[in-house]
Amino acid sequence: MIRIYNTLTRKKEEFKPLEEGKVKMYVCGLTVQDRPHIGHIRASITADILKRYFEYSGFDVTLITNFTDIDDKLIEKEKETGEDFRSIARRIIDEYFENADKLNIKRADFFPEATKHIQEIQELVSRLIEKGFAYVSGGNVYYDVSKFSGYGKLSGKKLEDLRVGARVEPDETKRNPVDFVVWKGAKPGEPWWESPWGRGRPGWHIECSAMSMHYLGETFDIHGGGADLMFPHHENEIAQSEGATGKPFARYWVHNGRLNLSGEKMSKSIGNVVLISDILKTYKPDVVRLYLLSTHYRSPLEYYEDRLKEQEGGYERLRQVLFLISQTEGEEGELNKETIDKFKEAMDDDFNTPKALSAIYSYTKDIFETMKKGPDTKWILSAKKTLKEMLSVLGLFESEEDHEKKDDDLIDLLLTIRSDIREKKLYELSDKIRDGLKKLNIEIEDTDEGSRWKRE
RNA sequence: GGCGGUAUAGCCAAGUGGCUAAGGCGACGGUCUGCAAAACCGUUAUUCACCGGUUCGAGUCCGGUUGCCGCCUCCA
């Protein structure tokens, strides 16, 4: 039984799908105006873990992740750089995929883009106008927040408080300052689509309502995204969707905690972002994954490079144990039930990856200890199966080392020769090889079973 | 100002009333090894921000105080 924290009820709840054995899930992806950073990746990894664990638990998962490829910032960017907004969007989407693939993030089933769903968006806007939830004013269409009684149920905000705060853009054409735009009229020089309300573009929140319902139905299981999207984005999505359909929208809302940069909020507007492509220049994808999974997805996470570095120790330990058990060949072993149960218990409890990792590390210790005692092939084959299964649910250590095979063969050859030299006790020579390789960032380890090497 | 989150060792981080407070990183000492690395063994929180309360029993529940963070404006 999987329990999941639902922002809507502020409680952990047993997950019961709408349709037996299926999970329909929508996660807000990027607004593709700026290059993907580690915060985006935290959200993607969170979605990835949910998808993987649901699938592991026997569910058939449909995951939709959108790209918002038209918005004010993107238009601004186009004006600044002269580059067409479509081209900017394309470039950033490509960069996202390039990095997400390296990180072994499973692809969603669809990646809808706002500009390719203008029709669905306009249909939704029309529906809202017909039902009296939206009104046309000054070339824009606004959502009338006062018409939706459930407004604020996700974020816990009250309309009165929002009015008092009144940090909403003053706009004479709105009936109420908290009303938000669902269709925005185009100013001269801005991109536009033809609509019954004049030339314009979708508001920011509407595309997620339109696309999620288009792909998953009017009611679906899980809606996710970063905690910063809770308000206003997700609150507005609920208002739009439930206003239009009169049915419940997403049943479980899942929000991952923010990732802050060295104690400061990481944000495009401050400009203090850490690009994922920069991180991956220095750190292995699995190290980044370990870093993100070592904190529960809902907790806030401070980004310090040292903490990424810390994970290299754990990464190395897991790599060692995997190397060690890979030396034992044989038929597929049986799962170690006790360990798997511990792992599942952690994951069942709102995807508690730090706890799941601790089960993996404890088991790693068991493996080293057992192997120290002497060969127990059956046990080791079981450990191999068990460890790999757990790691693969977390998306770790799945990609084969993508280094050049030729180089590897060459190093292996050098090591074979070095073993002969060592047998003749010509240590000066063998150390020379070791030192030389070290300068090439290749480190040799001599063990009872022979020598092995790794890249630094 | 309103709303929400969080406070556990040098660092990260589990802990959802009850055996001696998981796990990782780091550090130190030891075993093994030609040396090194890895691994192994041991040490590293009498105590969970603080003050009260409930209870036979609280890091865990309740009230209060303080600190930090986020949202309320574009943001994963």
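Residue numbering restarts at 1 for every chain, and letters A, B, ... go by the order of the sequence lines. These values consider heavy atoms only, across backbone and side chains, with no hydrogens, waters or symmetry-generated copies.
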Using the side-chain heavy atoms of [X], tell me which of these nucleotides is nearest: [options].
X: A:N260; options: B:rA39, B:rC69, B:rC12; result: B:rC69
X: A:T295; options: B:rA39, B:rG23, B:rA14; result: B:rA14
X: A:F368; options: B:rA39, B:rC12, B:rG5; result: B:rA39
X: A:T447; options: B:rC40, B:rA37, B:rG24; result: B:rA37
X: A:H296; options: B:rA14, B:rA39, B:rC71; result: B:rA14
X: A:Y361; options: B:rC40, B:rG24, B:rG4; result: B:rG24
X: A:E369; options: B:rC72, B:rA39, B:rC41; result: B:rC41
X: A:P354; options: B:rC11, B:rC74, B:rA13; result: B:rA13
X: A:F231; options: B:rA38, B:rC71, B:rC11; result: B:rC71

Review point. Of the residues in residues 427-446 of chain A, which ones touch RNA chain B at a heavy-atom distance under 4.0 Å?
Key: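 Listed by number, they are A:Y427, A:D431, A:R434, A:I444, A:E445, A:D446.
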Now, which nucleotide makes the Watson-Crick or G-U wobble pair with [N], with each of the two distances under 3.5 Å?
N: B:rC56; value: B:rG18
N: B:rG67; value: B:rU6
N: B:rG1; value: B:rC72
N: B:rG42; value: B:rC28

Could you tell me the separation between the [atom1] atom of [X] and the [atom2] atom of [N], rounded to a whole number of Å?
X: A:K355; N: B:rG24; atom1: NZ; atom2: P; answer: 16 Å
X: A:H40; N: B:rC74; atom1: NE2; atom2: P; answer: 15 Å
X: A:E235; N: B:rC71; atom1: CD; atom2: C1'; answer: 12 Å
X: A:K342; N: B:rG23; atom1: NZ; atom2: C1'; answer: 9 Å
X: A:K373; N: B:rC32; atom1: NZ; atom2: P; answer: 19 Å
X: A:L308; N: B:rC11; atom1: CG; atom2: C1'; answer: 14 Å
X: A:H234; N: B:rC3; atom1: NE2; atom2: P; answer: 23 Å
X: A:H205; N: B:rC74; atom1: NE2; atom2: P; answer: 6 Å

If we take the [atom1] atom in both [N] and [M], what is their distance in whole Å?
N: B:rG29; M: B:rU47; atom1: C1'; answer: 25 Å
N: B:rA45; M: B:rG2; atom1: C1'; answer: 38 Å
N: B:rU54; M: B:rA7; atom1: C1'; answer: 23 Å
N: B:rG67; M: B:rU8; atom1: C1'; answer: 16 Å
N: B:rU6; M: B:rA49; atom1: P; answer: 13 Å
N: B:rA21; M: B:rG59; atom1: C1'; answer: 8 Å
N: B:rG26; M: B:rA37; atom1: P; answer: 13 Å
N: B:rC11; M: B:rG53; atom1: P; answer: 31 Å

Point to revise | Whichever of A:H233 and A:M230 has its nearest RNA chain B nucleotide further upstream toward 5' | key: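 Of the two residues, A:M230 wins.
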Check your understanding: Quick one: on RNA chain B, does A:G226 or A:R3 contact a more 5' nucleotide (nearest heavy atom)?
Key ->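 Mapping each residue to its closest nucleotide by heavy atoms, the 5'-most match is A:R3.
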Taking only the side-chain nitrogens and oxygens of [X], find out if one of them lies under 4.0 Å from OP1 or OP2 of [N].
X: A:K365; N: B:rC41; value: yes
X: A:N352; N: B:rA22; value: no
X: A:R317; N: B:rC40; value: yes
X: A:R258; N: B:rG70; value: no

What I want to check is whether the side chains of [X] and [Y] have a donor and an acceptor closer together than 3.5 Å.
X: A:D84; Y: A:S87; answer: no
X: A:T115; Y: A:D69; answer: yes
X: A:Q320; Y: A:R452; answer: yes
X: A:N336; Y: A:W379; answer: no
X: A:Y283; Y: A:E305; answer: yes
X: A:H255; Y: A:H234; answer: yes

Would you mind classifying the nucleic acid contact of [X] as base, sugar-phosphate or nothing, using non-hydrogen atoms under 4.0 angstrom?
X: A:S299; value: sugar-phosphate
X: A:R307; value: sugar-phosphate
X: A:S44; value: nothing
X: A:R298; value: nothing
X: A:G29; value: sugar-phosphate

Practice item. Evaluate the criterion ring pair (Phe, Tyr, Trp, His ring centres under 6.0 Å) for residue pair A:Y252 and A:F15; output intermediate values, then yes/no. Key: CA-CA 8 Å; A:Y252 300 87; A:F15 176 75; 5.1 Å; yes
Practice item. May I ask you to decide if the ring planes of A:F249 and A:H223 are parallel, tilted or perpendicular, using 30° and 60° as cut-offs? Key: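 The rings of A:F249 and A:H223 sit tilted, inter-plane angle from 30° to 60°.
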**Study point:** Option among A:N6, A:I4, A:V254 that satisfies the side chain to side chain contact (heavy atoms under 4.5 Å, CB included) test with A:D350
**Key:**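 Of the listed options, the one satisfying the test is A:I4.
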Review point. Any side-chain heavy atom of A:I70 within less than 4.5 Å of one from A:I75?
Key: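 Yes, their side chains come closer than 4.5 Å.
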Point to revise | N/O donor-acceptor pair, side chain A:K157 with base B:rC72, under 3.5 angstrom | key: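 Under the 3.5 Å cut-off, the side chain and the base do not form any donor-acceptor pair.
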Check your understanding: Is the NZ or CZ atom of A:R107 positioned over A:F97's six-membered ring, under 6.0 angstrom from the centre and within 45° of the axis?
Key ->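 Here A:R107 passes the 6.0 Å and 45° test against A:F97.
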